[in-house]
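Comments concern the structure below.
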Protein chains: 4
Amino acid sequence: MSTTRAPDPARRNPQVTAAILEAALAMAREDGLARVSIEGIAARAGVGKRTIYRWWPSKGAVVLDAWAQRLEERLHRRLEATQTDDFEADLKLMVKDAWIDTIGDTRGVLASIVAEAQHDPDLAAEFRKRLISPASALVAERIRRAQADGQVAADIDPYRAIELIYAQLYYRLLIVPGPHDEAYVNDVADLAMRGLRP
Amino acid sequence: MSTTRAPDPARRNPQVTAAILEAALAMAREDGLARVSIEGIAARAGVGKRTIYRWWPSKGAVVLDAWAQRLEERLHRRLEATQTDDFEADLKLMVKDAWIDTIGDTRGVLASIVAEAQHDPDLAAEFRKRLISPASALVAERIRRAQADGQVAADIDPYRAIELIYAQLYYRLLIVPGPHDEAYVNDVADLAMRGLRP
Amino acid sequence: MSTTRAPDPARRNPQVTAAILEAALAMAREDGLARVSIEGIAARAGVGKRTIYRWWPSKGAVVLDAWAQRLEERLHRRLEATQTDDFEADLKLMVKDAWIDTIGDTRGVLASIVAEAQHDPDLAAEFRKRLISPASALVAERIRRAQADGQVAADIDPYRAIELIYAQLYYRLLIVPGPHDEAYVNDVADLAMRGLRP
Amino acid sequence: MSTTRAPDPARRNPQVTAAILEAALAMAREDGLARVSIEGIAARAGVGKRTIYRWWPSKGAVVLDAWAQRLEERLHRRLEATQTDDFEADLKLMVKDAWIDTIGDTRGVLASIVAEAQHDPDLAAEFRKRLISPASALVAERIRRAQADGQVAADIDPYRAIELIYAQLYYRLLIVPGPHDEAYVNDVADLAMRGLRP
DNA sequence: GCATAAACGAGACGGTACGTCGGGTCTTTTC
DNA sequence: GAAAAGACCCGACGTACCGTCTCGTTTATGC
């Protein structure tokens, strides 16, 4: 007989959830996830610590939840529109949309989450599930169409192609400093395209 | 008038330094940098905490120091030999040497350091200074020669070329799971070469 | 806005309080207050340091609390009985009761507390409030009755009389060595009485 | 063969000694002995810690040395003069001389030393040897003469008489607050004399 | 409709680690 | 060989959060 019963999501108070997510994201943006504490979130959201632990396993999970939710809202609004027959143009648009318009100034939060995920396998899994996988699937789909069109070499694994593109962005985010402006993301796509063409 | 005077490096005890670095690296390899604590290092090295704080600003700095020192020793022994006239072969050798033979099973430590560096600008700077910059300079040099030979397109910035290559490795290290074996690094180089050729 | 809020005494765990006081007093008796540390008390009581700091400002305060509590329990049981019409006999009984039966072998703790109080004004105030004042008030009352009876000279301030008596005991406790047996406390009262008689 | 040889007092540098004692006393007067540290004394005196440990066993010993030295100088100049045939007058003069003119505003240092002595038996012994014993011997001598003269009851132990007097002063110093002015020391002597007269 | 079980705010609690201070020992260099 | 300087091991300081655990209070079904 377990003492700690699983909580009932039906009885969850949505206002409380919102307050926690808002506080967590705000604090992560201000100070970086490393300086965020569950205690701090609880205080700022006017909430008991218990309530946070009831619904999330760690501060990283809270911030990821808040951050991903915000992204998903934005992405749903965009990703239908961008479909022409020019793969390179579509690619540049997709990358710009994602990296600049959607992530934008929450890039630091993304970096924090990746950092935290290095020692938190659950968070890493959740991060890939919420963010990397859906985005990759979407882009992979477009790449496959480009391969059918003959705009991308047929012998390339779409997922490796994605790595070739996005890895550059993450490298600049996590390893070396540098601007993340439109010129840069265009350059990223250009350089990748050199290798992807048939 | 500052209370904490700068310590005198001349009076530093090299045995103590070695013990600290060894303990720090061992613990980082076993549990990951996030679980390492200054207190733990001190205990394992049989050293006072004060002694660590005297010479390093943070646990990340200690582990980076230990880890980079180990790498530098290895690299010095290698990087002279590997110079043929075939850039692609050289590139594959360099990447394999660095990522598999040298970093090898300390890949997790590298990931930890990058993670820590996300909220520690000093550590980030030191990491780039000790690791990224020297390695990049070396590879950039080889790329320039390849451009002169006509094996690499002349209009590519060597540093962007490096990003195209290494970013893939860091992406798999930090973002998505996957093997880091010889087949993979070859594939990384192959994919990059597609874009680099004239 | 203060970060550290005042704790709520209603939520205090009495078992924890008891464990801390017991550990503190035991350690003070064994090694003297100077060798007691908050850390040591916490370890022995199986308690977090924070819990001690939440309720007491210093190790001296903990030990005083434990020691005074023990004394108060004993004193309440005694001080009603001792009331005859012979002031000198009553005085001797009171002094013996307090110094030998009640304080007894915790004399070293008392000395430690007085020592600590020399550089801790809050502790000094608490010590006087918990110990010196109530005991003095009680004896002063008896002296006033003796003055009304003509057993003590009317022109003497009762509190100065108390000093004349008790100062001798503290002098031997703190300044010069010597036994604290019944013969001695009788002698103390005798010598004082010489000066107090009309 | 002992590694730590006993130091040679003949080679001791008197300027260094003076600097240490001066610094120690100054710091003890400013902040109380409890806040004095060997490290602090060393820094203020411009001296290595080793040098202090070479000649004194503890910070208490240093401060006692400095303080007692200062007192001895003063006492030697005074105590010859004060000899009339009126014991009570002599007593008042002696007490006032010692407590007000000699100790005066270093009363806090005295309290600190007594406090420290509670957990440092060596310091306690040294304190009694340097201060209590010589002063007591002197006063005891005068009391014996007064007993011969019939000014003090012959059946009183001179040392107990001394306790009766001085204990009051230490009680006010260590236990209860209150002025230490001339009126008070006179009152102390008056009250004691009531009990000492034949 | 009303009891009753859960979510919730609050925060006490046992812990771990933080970064700092000083104690006392030791070594190196200077005089 | 005394002394200045300070590195070193160690123990304790007082603080910040961790994650668990009561407490009452509020709320919102389910009998």
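Computed from a predicted model, the values in this text were never measured in an experiment. Proteins get letters first, then strands, A, B, ... in listed order; numbering begins at 1 in each.
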Starting at NZ of A:Lys49 and ending at C1' of F:dA16, how long is that distance when rounded to a whole Å?
10 Å
Between atom OH in D:Tyr53 and atom P in F:dG6, what is the gap in whole Å?
17 Å
Closest approach of D:Glu116 to D:Lys59 (non-hydrogen atoms, all atoms of both residues)
OE2-CE, 3.4 Å
Proximity to the side chain of B:Ser37 - top-ranked nucleotide from E:dA17, E:dG23, F:dA3:
E:dA17
So, do D:Val114 and C:Gln118 sit near enough that their side-chain heavy atoms are less than 4.5 Å apart?
no
Please give, in whole Å, the distance from E:dG22 P to C:His119 NE2?
14 Å
CH2 of C:Trp56 versus P of F:dG14: gap in Å, rounded?
15 Å
Where the side chain of D:Thr51 is concerned, which of E:dG9, F:dA4, E:dA12 is the nearest nucleotide?
F:dA4
SB check C:Arg35 C:Glu30 (cutoff 4.0 Å):
no
Does A:Arg54 reach a base, just sugar-phosphate, or nothing at all? Heavy atoms under 4.0 Å.
base
Nearest-Å distance for atom pair CD1/P, residues A:Ile52 and E:dA10:
12 Å
Whole Å only: how far is the CG atom of A:Leu33 from the P atom of F:dC17?
14 Å
Please tell me which of the listed nucleotides, F:dC17, E:dA12, E:dG23, lies nearest to the side chain of A:Glu39?
F:dC17
Contacts of C:Lys59 and B:Pro9 projected onto DNA chain F by closest heavy atom; the upstream (5') one is B:Pro9
Are A:Trp55 and E:dA6 close enough that a side-chain N or O sits under 4.0 Å from OP1 or OP2?
no
What is the separation between atom CG on D:Asp122 and atom P on E:dG24, rounded to the nearest whole Å?
12 Å
So which atom in C:Ala28 and which in C:Val63 form the shortest heavy-atom distance, rounded to 0.1 Å?
CB-CG1, 3.8 Å
Quick one: label C:Gly46 by what it contacts on the DNA or RNA (base, sugar-phosphate, nothing), any heavy atom closer than 4.0 Å.
sugar-phosphate
Side chain to side chain contact (heavy atoms under 4.5 Å, CB included) between B:Asp120 and B:Ser58: does it pass, once the steps are laid out?
CA-CA 9 Å; B:Asp120 183 342; B:Ser58 67; 3.6 Å; yes
Write down the distance between CD1 (A:Ile41) and C1' (F:dC17), rounded to a whole number of angstrom.
12 Å
Stepwise side chain to side chain donor-acceptor pair (under 3.5 Å) check, B:Trp67 with B:Thr106:
CA-CA 8 Å; B:Trp67 183 77; B:Thr106 65; 2.9 Å; yes
Ranking F:dG6, E:dT25, F:dA3 by distance to the side chain of B:Arg11, first place goes to F:dG6
Shortest non-hydrogen pair, C:Ile113 vs C:Leu64, comes out as CD1-CA, 3.9 Å
Quick one: closest heavy-atom pair of A:Leu123 and A:Ala117, and the distance?
CD2-N, 3.8 Å
Heavy atoms within less than 4.0 Å of DNA chain F: which residues of residues 13-25 of chain B have one? Give them sorted by number.
B:Asn13, B:Val16
Let me know, please, whether D:Ser58 or B:Ser58 comes out on the 5' side of the other along DNA chain E by nearest nucleotide.
B:Ser58
Counting heavy atoms from C-beta on, name the nucleotide in F:dA16, E:dG23, F:dC18 closest to the side chain of C:Arg50.
F:dA16
